[in-house]
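This report concerns only the one structure given below.
Being a predicted model, the structure only gives us computed values, none of them experimental. Residue numbers begin at 1 in each chain, while the letters A, B, ... track the order of the sequences.
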There are 2 protein chains.
Amino acid sequence: MIRVALAEDHTPLRVRLADFLSRSGTVRLVAVAANGHELLDALKRLPEAERPQVVVMDLEMPRLDGIATTATLRELYPSVEVLVFTVFEDDTRLFAAIEAGAAGYLLKDQPLTDVLDAVEDVHAGGSPLSAPMARRLLDTLRPPHPEANPFDLTDREIEVLRLVVAGHTNTEMADALGIAFATVKTHVRHIYEKLHVSTRAEATRTAIRRGLV
Amino acid sequence: MIRVALAEDHTPLRVRLADFLSRSGTVRLVAVAANGHELLDALKRLPEAERPQVVVMDLEMPRLDGIATTATLRELYPSVEVLVFTVFEDDTRLFAAIEAGAAGYLLKDQPLTDVLDAVEDVHAGGSPLSAPMARRLLDTLRPPHPEANPFDLTDREIEVLRLVVAGHTNTEMADALGIAFATVKTHVRHIYEKLHVSTRAEATRTAIRRGLV
DNA sequence: CCCAATATCCCCCGTTTGGGGGAACCGTCC
DNA sequence: GGACGGTTCCCCCAAACGGGGGATATTGGG
């Protein structure tokens with residue numbers, strides 16, 4: 001039996017979900033709350049052996065929303081995993097939840113049995129994510145490359161830019177590349193023009209942030 | 001009916017999976033291959049209207065493995081989505097697959113019906129991920145913060161570092177912070193000492209790469 | 001065949017940086 | 001009350017940088 005707590009402000013859903021989870025046979029509800037504050041309060045009262053292993057957490061709740069609650073919860077009890085269960089499909093909330101320490105992110109358009117599966121996944125050390133949310137995650141992970149050179153830098157210029165980012169002086173670069181100091185300066189100047197910057201620090205920032213190196 | 005192609009080198013599984021998918025009623029198999037080369041070959045022969053919408057892809061295959069095949073495939077036919085189906089649980093392969101353009105990553109320890117669900121998810125624009133793999137993803141997404149300041153920078157120094165990264169000169173920073181030029185230089189010098197660098201470009205690189213800003 | 005792009009090199013000059021030194025002030029903690 | 005870390009300020013000077021100009025050679029298209 002997995003010990004589970006539930007935080008959900010919408011009463012009908014809370015009751016239905018609590019009921020469903022209780023009857024499942026694989027989980028045992030140790031706390032049910034209508035908002036984050038209530039949940040944290042309930043957990044404070046529970047003896048350690050009764051603490052939930054997984055918390056099913058709504059995001060939009062009065063008196064401490066799901067994100068804040070998750071952050072606090074994970075701070076106080078790092079061993080308690082949080083499974084977010086929400087209607088919100090935006091990536092802002094998704095990333096905030098992940099940042100706060102959520103282990104899973106489930107959308108409410110899924111059948112209740114999926115919640116049960118997800119609770120089991122979380123308890124087993126996994127991170128169930130609804131497919132649409134996982135897509136957003138992958139899409140943000142990927143972009144770095146698609147068009148890695150939007151600045152029209154030449155091969156040589158990229159080579160020089162790498163050395164700039166590595167912190168080399170023009171003289172060092174001239175040695176390393178076997179060209180004259182003056183040539184390095186020219187390359188650097190062209191790089192600045194193309195990146196619309198005027199110092200090494202700015203060029204370095206742009207290069208790293210835009211994945212040019 | 002979702003048009004699906006299958007690439008899997010292990011014959012018994014390939015046959016079983018092909019059989020299962022065919023009988024499902026929701027997908028139609030337009031190609032079955034035992035390796036990446038064979039798959040690409042098959043796709044080349046298909047008219048555009050017959051091209052699969054989703055490819056179920058094994059990773060370990062002779063003659064072009066799943067990662068390389070995925071990359072090529074996505075290059076040639078960007079509209080074809082790839083669902084990776086593998087035994088490999090390591091994050092190296094997971095990230096390589098994502099990088100190559102995979103839309104989903106399923107582990108082989110799951111029932112065949114999950115593959116069908118996943119194909120539907122992918123077709124619907126989602127990214128089904130096995131819970132253990134999603135966890136690895138989240139864990140790599142999170143670490144940046146735990147100890148964001150391993151260099152013992154003071155508040156003031158971080159403030160200055162931010163401005164350095166933004167490309168400001170010492171004079172500009174002095175104005176912005178309402179302190180003397182000399183003081184800015186002192187802060188910058190201390191930052192260099194703590195970061196073990198000696199130029200703005202290096203400081204900028206370190207600051208960004210280590211999440212100091 | 002010529003043109004545009006790329007890479008190479010040079011001069012000049014003012015500004016900025018990096019690093020060496022020193023010193024004062026102010027909280028806080030012991 | 002003294003030590004300590006953090007912040008503030010100053011002097012000096014060589015090295016590096018940023019930007020202005022111009023020049024030559026090669027190469028691959030149009």
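Side-chain nitrogen and oxygen atoms of Arg200(A) include none within less than 4.0 Å of the OP1 or OP2 phosphate oxygen of dT17(C). Regarding contacts with the backbone of dT16(C), every side-chain N or O of Asn170(B) stays at 4.0 angstrom or more from both OP1 and OP2. For Tyr192(B) and dG18(C), the shortest distance from a side-chain N or O to OP1 or OP2 is below 4.0 Å.
Note on Asp121(B) versus Arg135(A): no salt bridge recorded, every NZ/NE/NH1/NH2 to OD/OE distance being 4.0 Å or above. No salt bridge links Glu99(B) with Arg74(B); every basic N to acidic carboxylate O contact stays at or beyond 4.0 Å. Using a 4.0 Å cut-off between charged side-chain N and carboxylate O, Lys108(A) and Asp58(A) make a salt bridge. Using a cutoff of 4.0 Å between basic side-chain nitrogens and carboxylate oxygens, Asp139(A) and Arg142(A) are scored as salt-bridged. Comment: Arg162(A) does not engage Glu159(A) in a salt bridge, judged by the lack of any side-chain N to carboxylate O separation of less than 4.0 angstrom.
Whole-Å rounding puts the Ile191(B) CD1 to dG18(C) C1' distance at 13 Å. Rounded to whole Å, the distance from CG on Leu153(B) to P on dT7(D) is 10 Å. Between the CG atom of Leu177(A) and the P atom of dT6(C) there is a distance of 18 Å, rounded to whole Å. Rounded to an integer number of Å, the gap from His187(A) NE2 to dA5(C) P is 17 Å. For the pair Phe181(B) CZ and dC10(D) P, the interatomic distance rounds to 11 Å; values are reported in whole Å. Taking atom NZ of Lys185(B) as the reference point, atom P of dT8(D) lies 17 Å away to the nearest angstrom. Atom-to-atom, CG of Asp155(A) to P of dA5(C) comes out at 16 Å; the value is rounded to the nearest Å. One can place CG of Leu195(B) at 12 Å from P of dG19(C), the figure rounded to the nearest angstrom.
Closest to the Thr183(B) side chain, of the nucleotides dT8(D), dT8(C), dG20(C), is dT8(D). Closest to the side chain of Thr154(B), out of dA7(C), dG18(C), dG6(D), is dG6(D).
Across all strands shown, Ser198(B) has heavy atoms under 4.0 Å from sugar-phosphate atoms exclusively, and none from any base. Counting any heavy atom pair closer than 4.0 Å across all strands shown, Arg156(B) reaches sugar-phosphate atoms only and no base atom. Across all strands shown, Ala182(B) has heavy atoms under 4.0 Å from base atoms, whether or not it also approaches the sugar-phosphate. Looking at heavy-atom distances under 4.0 Å, His190(A) makes no contact with the nucleic acid at all. At a threshold of 4.0 angstrom between heavy atoms, the contacts of Thr186(B) include nucleobase atoms, whether or not backbone atoms are also involved.
At a cut-off of 3.5 angstrom, the base of dG20(D) holds at least one donor-acceptor pair with the side chain of Arg189(A).
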